[in-house]
Protein chains: 2
Amino acid sequence: MHLPPLVQTFVLHFGEMGSRWGINRTVGQIYALLFVAERPLNADEIVERLGVSRSNVSMGLKELQAWNLVRLQHVPGDRRDYFATPEDIWQIVRTLVEERKKREIDPTLTLLRELLMQEAGTEGERHAQARLGEMHDLFELFAGWYADVRRLETERLVQLLTLGSKVQKVLEVKDRLVRLPGRIGGRAAKSDIKPTD
Amino acid sequence: MHLPPLVQTFVLHFGEMGSRWGINRTVGQIYALLFVAERPLNADEIVERLGVSRSNVSMGLKELQAWNLVRLQHVPGDRRDYFATPEDIWQIVRTLVEERKKREIDPTLTLLRELLMQEAGTEGERHAQARLGEMHDLFELFAGWYADVRRLETERLVQLLTLGSKVQKVLEVKDRLVRLPGRIGGRAAKSDIKPTD
DNA sequence: TAGCAATTTCAGAAATTTCTGAAAAGTCGA
DNA sequence: TCGACTTTTCAGAAATTTCTGAAATTGCTA
């Protein structure tokens, strides 16, 4: 691996973090390398800089493409494939949110729906089902949030994230205004989740 | 493994999802089992129901405790340890958010800060640093959001999550009101992140 | 402080994931 | 269609993670 020290530190870190983020080391390193690169890189350049096998890079790039985290580009007069990360970091956020939803939330949501349809035999199963119902509502809420985030344009997304704990004040303001004639704020959100604290 | 079919399906699914969520199969199964259990369970009961080794359960419980996802309880007249998940599912959300921040965001934030302090030698390093700066700002924003979520009481948390794409309307309303005399909405959030789309 | 019950630790076995090299498949111009 | 170049596939090697059984430790009470 020969890279400027700053880049190398970053690339190695991303490789290590990969396992916490659900990708493997090489995939993390490739992504980090492309992220800081000044121009698109081809597979052999990645092999050269990371010191891993060609086939590993090929598989890593395939996975990053499946995640929609890298874009394939072509350099005129060169038939090799060149890869780059989207420059807009907010596009990356939307992509990650979408993929996480698909992988970490949707499958469980599907299963929970199925289990809630079943007939509970024993007392224990009835209790389990009640608990699964709570989890289902929670997962639905998250799924909706993720879906919303994906659709928001950048400026609104920044606002939503910046909002955080200020939500209280903002909503107070809204509630007050919504009660005025004219109804700007839209209808109240349905919520079958009962707060317990 | 002997469990009612409904519970077994759920437990197995959680075990499989575990790897996507950054925990191992047994840890996922233990969590799922405790989540739907009618009463706290001791280690031997978990061994019995999941059909895994005693030591594996011991390690799994230790990890779940490190994540603050299970609580240790004592049954009077029984010196064994009993375990349960907090009943309030929103407490679980806060815990997960906190732990994810600690594991998935903070280490990278720390590294990015360090790298941004360094002197960039080459042109390539200067470009890399600019890119890392963008990532740093993004991670800061997320870290702040996560920290906020952890602090919100349940009702507000539900509101924040339900908000999603409605953020636009709500903020329009707020903006309008904030400009009125009295300044209810608080000061504008500082934002060094420039939207690019 | 001996004896028993419960829990934890840990070395190595088992399972899983990641990575490589070699071969296959695809692509383009001559 | 050939041949040079490029990418993909995949079986097995290497690395890593997970899991187990046995032993050690903890803590209680008699």
Side-chain angles (χ1 to χ4, degrees), chain A residues 1 11-34 40-67 69-84 103, chain B residues 1 11-34 40-67 69-84 103:
Chain A
M1 180 183 280
V11 164
L12 290 175
H13 174 85
F14 242 66
E16 298 314 320
M17 291 302 284
S19 56
R20 300 193 189 180
W21 294 334
I23 56 178
N24 69 39
R25 179 169 30 205
T26 309
V27 171
Q29 290 183 355
I30 295 174
Y31 184 78
L33 182 61
L34 292 177
L41 302 178
N42 67 46
D44 285 323
E45 289 172 322
I46 298 170
V47 166
E48 152 77 9
R49 295 182 197 196
L50 297 184
V52 297
S53 75
R54 184 54 230 272
S55 53
N56 199 0
V57 167
S58 177
M59 291 188 299
L61 286 169
K62 220 176 96 190
E63 182 165 351
L64 285 171
Q65 282 176 287
W67 276 80
L69 283 173
V70 301
R71 274 203 330 247
L72 176 60
Q73 297 200 330
H74 278 107
V75 173
D78 186 337
R79 68 196 235 214
R80 286 170 296 181
D81 293 339
Y82 283 77
F83 298 89
R103 286 154 211 253
Chain B
M1 181 184 280
V11 164
L12 290 176
H13 174 85
F14 241 66
E16 298 315 319
M17 291 303 284
S19 56
R20 300 192 190 182
W21 295 334
I23 56 178
N24 70 39
R25 181 172 27 211
T26 309
V27 171
Q29 290 184 354
I30 295 173
Y31 184 78
L33 182 61
L34 292 177
L41 303 178
N42 66 46
D44 284 324
E45 288 172 323
I46 298 171
V47 166
E48 154 76 11
R49 295 182 197 197
L50 296 184
V52 297
S53 74
R54 183 56 230 272
S55 53
N56 199 0
V57 167
S58 176
M59 291 188 301
L61 287 169
K62 220 177 95 190
E63 181 165 351
L64 285 170
Q65 283 176 286
W67 276 79
L69 283 173
V70 301
R71 275 204 330 248
L72 176 60
Q73 298 200 329
H74 278 107
V75 172
D78 187 336
R79 67 197 235 211
R80 286 170 297 181
D81 293 340
Y82 283 77
F83 298 89
R103 286 154 212 253

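Below, chains carry the letters A, B, ... as their sequence lines are ordered, and counting in each starts from 1. As the structure is a prediction and not an experimental result, all values here were calculated from the model. Just the heavy atoms: all of them, side chains too, but no hydrogens, waters or symmetry mates, feed the values below.
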Exercise for review: Using a 4.0 Å heavy-atom cut-off, write out nucleotides 14-30 of chain D from 5' to 3' as B (base contacted by protein), S (sugar-phosphate only) or - (no contact).
Suggested key: --S-SSBB-----B---
Exercise for review: Round to a whole Å and report the spacing from CG of A:L72 to P of C:dT27.
Suggested key: 13 Å
**Study point:** side-chain contact (heavy atoms from CB on, under 4.5 Å) partner of B:L41, the single match among B:E48, B:R49, B:R80, B:Q73
**Key:** B:R49
**Study point:** A:R54: side-chain hydrogen bond (donor to acceptor under 3.5 Å, both in side chains) partners, not counting sequence neighbours
**Key:** none
**Study point:** Interatomic distance, A:Q73 CD vs D:dT6 P [rounded to whole Å]
**Key:** 18 Å
Study note, to complete from the structure: Sorted by chain and residue number, the salt bridge (charged side-chain N to carboxylate O under 4.0 Å, His left out) partners of A:E63 (sequence neighbours excluded) come out as none
Check your understanding: At how many degrees, to 10°, do the end axes of the helix from C:dT1-D:dA30 to C:dA30-D:dT1 meet when each uses five pairs?
Key -> 20°
Check your understanding: Can you name the side-chain hydrogen bond (donor to acceptor under 3.5 Å, both in side chains) partners of A:S53, sequence neighbours left out?
Key -> A:S55
Could you tabulate the donor-acceptor pairs under 3.5 Å formed by side-chain atoms of residues 17-34 of chain B, not counting sequence neighbours?
| from | atom 1 | to | atom 2 | distance (Å) |
| --- | --- | --- | --- | --- |
| B:S19 | OG | B:E16 | O | 3.2 |
| B:R20 | NH1 | A:R103 | O | 2.9 |
| B:W21 | NE1 | A:E104 | O | 3.2 |
| B:N24 | OD1 | B:T26 | N | 3.1 |
| B:N24 | OD1 | B:V27 | N | 3.0 |
| B:T26 | OG1 | B:N56 | ND2 | 3.1 |

Review point. Does a nitrogen or oxygen in the side chain of A:K62 sit under 4.0 Å from OP1 or OP2 of D:dT9?
Key: yes
Exercise for review: Can you sort out the partners of A:D81 under side-chain contact (heavy atoms from CB on, under 4.5 Å), two or more places apart, ordered by chain and number?
Suggested key: A:L72, A:H74, A:F83
**Study point:** Shortest non-hydrogen contact from A:L50 toward A:V11
**Key:** CD2-CG1, 3.7 Å
**Study point:** Atom-pair distance (CD on A:E63; C1' on D:dT8), nearest Å
**Key:** 15 Å
**Study point:** Interatomic distance, B:D78 CG vs C:dA6 P [rounded to whole Å]
**Key:** 7 Å
Review point. Could you give the CD-to-C1' distance, from A:Q65 to D:dT8, as a whole number of Å?
Key: 12 Å
Practice item. Take the protein atom CG of B:N42 and the nucleotide atom C1' of C:dT7, then report the distance between them rounded to whole Å. Key: 12 Å
Point to revise | Length of the CD1-P vector between B:I46 and C:dA6, whole Å | key: 15 Å
Review point. Just how far, in rounded Å, is C1' of D:dT7 from CG of A:D44?
Key: 10 Å
